[in-house]
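Naming convention: chains lettered A, B, ... in sequence-line order (proteins, then strands); numbering from 1 in each chain.
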Amino acid sequence: MPELPEVETVKRIIEPQIVGQKILSVTINHPQVIAYPGEHLFVELLTGQTVQSMSRRGKFLTIHFASGDRVVIHLRMTGQLLIAPMDYPIEKHTHFIAELSAGSELRYIDVRRFGRFWYLRADETDAFTGQDKLGLEPLDENLTAAYLQGNLGKRKKTIKEMLHDQSIVAGIGNIYSDEILFASGVYPKEKCLDLDCDDWSRIAKAIKEIIAWGIDTNEMTAEEYLAGKGKEYRNTPHLRVYGRSGQLCAVCQSEIEKITIGGRSSCYCPSCQMKKSIYSDLIK
DNA sequence: CTTCCCCTGAAC
DNA sequence: GTTCAGGGGAAG
């Protein structure tokens, strides 16, 4: 479900509600979501820990404990984290509940059960989650046109696919890659090696602007977040191309098209995001 | 490179 | 009934 802006939203809502809390008890309803180190050890290690902070890296969340231990969480497609009063109804597909000292609960809900939890002890290096392979954060000042062109400029793959490569830029998924390419005016199926300096500049700028916009627009209170069950995000109605095939482009009124790239759907405006080959024919 | 897999549910 | 879904890893 969530990409970087949504995961950041989850972090901003959840962190203030768990900092300083002690975990009194842990219930796991579906062990599949525990990737490491196994259900029973996970429960044993987590019980009694006191939360110090929460952080986000790409689409990963980490809960840091006073002991130095931490829990890394990836929500994948449909994972949701909620802080709920103990008497709040248990949603279907609730796989994990941690009872907190304030009398509330941290709950994990995941319809498709693709999400994963890892418990890492203080002295354990993270060799399990994949976080160590992440590239730059979109808002990192080192993420520039030169960085993108240097890392991707000779690749044959399409720009749409490469924007999903978490080892280059961390946190972009299928929604935001569509939105970023629309904002850049780049045809999603364009091969990286066909893009020029100006294209990379617009893409670098759009990555920052669209991701920052996504985070800002998602801003909400903890009450609103709970009411939306941690799965309703504010910016969804304002996306400009994702999920809008057949509708008219807000900029030029052309009909937004949907194509398949690397096995995933991609929505784009054929007029605002013209293929370079067509464009070069037009300016002859 | 493409295809499949992990899962459930909504839309068609 | 079939297809698709905001992720990611493994297998062919």
Side-chain angles (χ1 to χ4, degrees), chain A residues 1-11 29-36 56-61 72-81 91-96 108-118 126-135 138 152 154-182 188-189 191-193 207 210-211 213-215 217-218 225 228-247 256-268:
Chain A
M1 199 171 211
E3 300 178 32
L4 190 154
E6 290 72 38
V7 178
E8 179 64 23
T9 301
V10 173
K11 186 251 172 191
N29 296 322
H30 209 117
Q32 190 185 350
V33 301
I34 308 301
Y36 179 83
R56 179 199 57 74
R57 174 85 171 93
K59 300 173 199 168
F60 290 86
L61 289 166
V72 179
I73 304 166
H74 198 303
L75 305 173
R76 296 279 170 89
M77 294 282 265
T78 52
Q80 304 155 237
L81 281 178
E91 294 288 307
K92 198 177 174 186
H93 306 295
T94 298
H95 306 308
F96 167 94
Y108 180 67
I109 303 155
D110 191 345
V111 172
R112 295 175 74 179
R113 260 181 273 140
F114 291 169
R116 289 294 179 266
F117 283 51
W118 297 262
D126 180 0
F128 309 98
T129 69
Q131 272 196 111
D132 56 331
K133 299 182 187 75
L134 293 178
L152 301 176
K154 294 184 176 169
R155 304 286 292 263
K156 274 188 182 171
K157 271 201 176 180
T158 64
I159 182 61
K160 167 80 176 173
E161 289 169 281
M162 292 317 296
L163 285 177
H164 293 165
D165 187 333
Q166 304 296 302
S167 73
I168 307 295
V169 182
I172 299 172
N174 208 32
I175 292 179
Y176 291 97
S177 59
D178 274 4
E179 296 297 313
I180 287 163
L181 290 171
F182 176 76
K189 228 169 181 166
K191 289 187 174 78
C192 287
L193 54 78
I207 287 174
I210 294 292
I211 295 298
W213 168 84
I215 294 170
T217 314
N218 270 343
Y225 179 88
K229 305 285 182 0
K231 62 181 177 184
E232 286 170 20
Y233 298 104
R234 301 215 138 163
N235 59 18
T236 308
H238 304 294
L239 300 172
R240 294 193 285 180
V241 283
Y242 177 83
R244 293 194 181 278
S245 63
Q247 299 179 30
I256 293 168
E257 292 185 359
K258 182 160 148 181
I259 54 178
T260 299
I261 305 171
R264 314 203 59 190
S265 69
S266 178
C267 299
Y268 74 105

Quiz item: Which dot-bracket notation, 5' to 3', represents the base pairing of DNA chain B when pairs are defined as Watson-Crick or G-U with both distances under 3.5 Å, crossing pairs as [ ], and inter-strand pairs as |?
Solution: ||||||.|||||

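- Here, C:dG6 and B:dC1 have their C1' atoms 24 Å apart, quoted to the whole Å.
- A donor-acceptor distance shorter than 3.5 angstrom exists from the side chain of A:Gln166 to the backbone of A:His164, with no hydrogens or angles considered.
- A sub-4.0 Å separation between OP1 or OP2 of B:dT8 and a side-chain N or O of A:Lys92 is absent.
- The phosphate of C:dG6 has neither OP1 nor OP2 within less than 4.0 Å of any side-chain N or O from A:His164.
- For the P atoms, the distance from C:dA10 to B:dC7 is 16 Å, rounded to whole Å.
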Quiz item: Reading nucleotides 1-7 of chain B from the 5' end, what letters show protein touch, with B for base, S for backbone sugar-phosphate only, - for no heavy atom under 4.0 Å?
Solution: S----BB

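- Listed for the A:Arg76 side chain is no donor-acceptor partner under 3.5 Å among the backbone atoms of A:Arg116.
- Phosphate proximity of C:dG7 to A:Gln166: absent, as no side-chain N or O sits under 4.0 Å from OP1 or OP2.
- Residue A:Thr78 places no side-chain N or O under 4.0 Å from the OP1 or OP2 atom of C:dA5.
- Using P as the reference atom, B:dG9 and C:dG9 are 25 Å apart when rounded to the nearest Å.
- Within the structure, every side-chain polar atom (N or O) of A:His93 is placed at least 4.0 Å from both OP1 and OP2 of B:dT8.
- The shortest distance between the side-chain N/O atoms of A:Tyr242 and the OP1/OP2 oxygens of C:dG6 is below 4.0 Å.
- A straight line from CZ of A:Phe128 to P of C:dG9 spans 15 Å, rounded to a whole angstrom.
- Distance CD1 (A:Ile73) to C1' (C:dG7): 16 Å, rounded to an integer number of Å.
- With hydrogens and angles left out, the side-chain atoms of A:Gln131 and A:Arg57 include no donor and acceptor closer than 3.5 Å.
- Remark: C1' of B:dT8 and CD of A:Gln80 are 13 Å apart, rounded to the nearest angstrom.
- Listed by chain and residue number, A:Glu8, A:Glu137 satisfy the salt bridge (Lys or Arg N to Asp or Glu O under 4.0 Å) test with A:Arg56 (two or more places apart in sequence, or in another chain).
- Residues A:Phe182 and A:Tyr268 place their aromatic rings such that the two centres sit no closer than 6.0 Å.
- Between A:Lys258 and C:dC4, a side-chain N or O to OP1/OP2 separation shorter than 4.0 Å is absent.
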